[in-house]
Amino acid sequence: MPVLSIERLLDVAIKDFYTADCSVLHCGPPHREIKIALDSSRYEEYKEGGKVLRWYLGLTGDTSPEISPLSVDVAGDKNYRVYRYDWVFGVSLPPLSELWWDWQKALRKGTSVAVQLIILPGDSGIGYTCVATNLNVLPPSRDTKTWWEKYRSGVIDTVKAGAKTAGDLYPGMITKAFSALSNSLEARGKWKKSNWFIYQFLDSDSQACAVEWLINKKVLKQYGPLLRGSLVLAFHGGSNDSPREQKIIRLKLRPQLGFSRKDELSRVTPTYKLEEEEQVQLEILPRATGRSG
């Protein structure tokens, strides 16, 4: 199962909060140093371009998943295959004190962070099922306990009551289970509004279906401005006699930040400014069960 990871680092200059107008000053691999000399035209571009933010985008997943039957018994069907696709979205400031500004304070209240995954089947003839989603964090945060701290006594009582535990039969399973649970952020926190929720829609630009994570700005304060999420997919159908290029499904990452208080749908979206080859996307070529490609 070939797993591929795509990363981009963007320097984004926001020209207007209300219209969400922006420009991309830099787009490239995150591991390469970006030099902005104070006496260069590049520095003037950064200083005069608007409010500058550095965005990190990452997308990881299997590019050769197996086709699954459209089963009515997903849990019990041994031929049903699901695949996890992980995104990463991080925000920081360029390392120049002259460009500092309080961008988190400038975000509008509520769900000001949106991360979209656009699913583009093209002419592949392959369908898909969205099985599950998640927003991954590393508790404890500033104000919350870990899953283990919350439920430790109840888990210990349950283990004591059992003659045999999963940990006895399969060493390490209990630890792995705790780890998986602790990485999942509850949809609702202690405040009235949701930490995050999922919204599915038809993307008007590509006419493709999209899955969107809408995230409360308070999550950034609790867990930091580096967000990670997962989408679990299963793939169905397909025509074996179609050319290879027609079978490809594209999964495209599109993060957004909302600053305007007057329009909740107005969000800064720098990926609109990128060329197709600069987009953070995976080319997925599903295959029949048992075939290598």
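All heavy atoms count here, side chains included; hydrogens, waters and symmetry mates do not. The model shown is predicted, which means the values in this text are computed figures rather than measured ones.
Grouping the Ile, Leu, Val, Met, Phe, Trp and Tyr side chains by contacts below 4.5 angstrom, directly or via other members, places Tyr128 apart from Leu70. Residues Leu9 and Tyr272 fall into different hydrophobic clusters, defined by Ile, Leu, Val, Met, Phe, Trp and Tyr side chains chained together at heavy-atom separations under 4.5 Å. Under the 4.5 Å side-chain contact rule for hydrophobic residues, Leu231 and Leu4 share a cluster.
The two atoms that bring Ser266 and Thr19 nearest to each other are OG-C, 4.0 Å, heavy atoms only. Smallest separation of non-hydrogen atoms from Ser112 and Lys217: OG-CB, 3.3 Å. For Leu233 against Ile119, the heavy-atom pair with the smallest separation is CD2-CD1, 4.3 Å. Pairing each heavy atom of Cys27 with each of Leu10, the nearest pair is SG-CD2, 3.5 Å. Residue Trp103 comes nearest to Phe259 through the heavy atom pair O-CE2, 3.7 Å, listed as atom of the first residue, atom of the second, then distance. Summarising the geometry of Ser194 relative to Phe197, their closest heavy-atom pair is CB-CD2, 4.4 Å, with the distance given to 0.1 Å.
Thr63 places no side-chain N or O within 3.5 Å of a backbone atom of Glu283 that could act as its donor or acceptor partner. No donor-acceptor pair under 3.5 Å is formed between the side chain of Arg254 and the backbone N or O of Ile118. Looking at Arg42, its side chain does come within 3.5 Å of a backbone N or O of Leu25 through a donor-acceptor pair. Under a 3.5 Å cut-off, the side chain of Gln279 and the backbone N or O of Thr271 do form a donor-acceptor pair. In this structure a side-chain-to-backbone donor-acceptor pair under 3.5 Å is present from His236 to Ser68. Panel note: side chain Lys51, backbone Trp101; no donor-acceptor pair is recorded below 3.5 Å.
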Report task. Starting from the C-alpha separation in whole Å, work towards a yes-or-no answer on side chain to side chain contact (heavy atoms under 4.5 Å, CB included) for Gln256 and Val115. Result -> CA-CA 6 Å; Gln256 302 173 324; Val115 179; over 6 Å; no

Requested in this report: Take Asp86 and Ser230 through the test side chain to side chain donor-acceptor pair (under 3.5 Å) and record every step on the way to the result.
Outcome: CA-CA 4 Å; Asp86 289 357; Ser230 300; 2.7 Å; yes

Report task. I would like to know whether Lys105 and Leu107 meet side chain to side chain contact (heavy atoms under 4.5 Å, CB included); could you show each step before the answer? Result -> CA-CA 5 Å; Lys105 185 178 180 180; Leu107 290 171; over 6 Å; no

Requested in this report: Kindly indicate, with the supporting measurements, whether the criterion side chain to side chain donor-acceptor pair (under 3.5 Å) is fulfilled by Arg54 and Ser92.
Outcome: CA-CA 5 Å; Arg54 181 157 288 175; Ser92 66; 5.5 Å; no

**Report entry** Verdict with reasoning, Trp196 to Leu214, per side chain to side chain contact (heavy atoms under 4.5 Å, CB included)
**Finding:** CA-CA 5 Å; Trp196 64 283; Leu214 286 163; over 6 Å; no

Requested in this report: Kindly indicate, with the supporting measurements, whether the criterion side chain to side chain contact (heavy atoms under 4.5 Å, CB included) is fulfilled by Leu257 and Ile14.
Outcome: CA-CA 10 Å; Leu257 292 178; Ile14 305 169; 5.8 Å; no

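The shortest side-chain heavy-atom distance between Val24 and Asp11 does not fall under the 4.5 Å cut-off. Counting heavy atoms from C-beta on, the side chains of Tyr80 and Val131 come closer than 4.5 Å. Counting heavy atoms from C-beta outward, Lys15 and Ser23 have side chains that approach closer than 4.5 Å. Using a 4.5 Å cut-off on side-chain heavy atoms (C-beta onward), Val52 and Leu93 make no contact. Taking the side chain as every heavy atom from C-beta outward, Trp213 and Thr133 approach each other to under 4.5 Å. Between Asn195 and Asn216 the shortest side-chain heavy-atom distance does not fall below 4.5 Å. Using a 4.5 Å heavy-atom threshold, the side chains of Pro255 and Trp87 count as separate. Under the 4.5 Å side-chain criterion, counting only non-hydrogen atoms from C-beta, Ile249 is not in contact with Leu120.
The structure places CD1 of Ile126 at 10.0 Å from CD1 of Ile248, a figure rounded to the nearest 0.5 Å. Between Leu57 atom CG and Glu7 atom CD the span is 10.0 Å, to the nearest 0.5 Å. With rounding to the nearest 0.5 angstrom, the CH2 atom of Trp100 is 11.5 Å from the OG atom of Ser97. From Tyr46, atom OH reaches atom NE2 of His26 across 6.5 Å, with rounding to the nearest 0.5 Å. Taking SG of Cys22 as the reference point, atom CG of Asp16 lies at 11.0 Å (rounded to 0.5 Å). Rounding to the nearest 0.5 angstrom, the gap separating the NZ atom in Lys273 from the CG atom in Asp21 is 5.0 Å.
Annotation: salt bridge (Lys or Arg N to Asp or Glu O under 4.0 Å) contacts of Lys252 (sequence neighbours excluded): Glu276. Scored by the salt bridge (Lys or Arg N to Asp or Glu O under 4.0 Å) test, Arg8 finds no partners at all (sequence neighbours excluded). For Arg228, there are no salt bridge (Lys or Arg N to Asp or Glu O under 4.0 Å) partners at least two apart in sequence or on another chain.
The residues Asp62 and Arg84 are annotated as not salt-bridged, no charged nitrogen and carboxylate oxygen being separated by less than 4.0 angstrom.
Glu278 CD: more than 12 foreign heavy atoms inside a 6.0 Å radius.
Donor-acceptor pairing under 3.5 Å is recorded for the side chains of Thr60 and Ser5. Side chain to side chain, Glu212 and Gln200 fail the donor-acceptor criterion of an N or O pair below 3.5 Å. Arg287 and Ser64 share a side-chain donor-acceptor pair at under 3.5 Å. Between the side chains of Asp263 and Tyr18, no donor-acceptor pair is found at a separation under 3.5 Å.
The only member of Ile284, Val211, Leu253 that meets side chain to side chain contact (heavy atoms under 4.5 Å, CB included) when paired with Tyr85 is Ile284.
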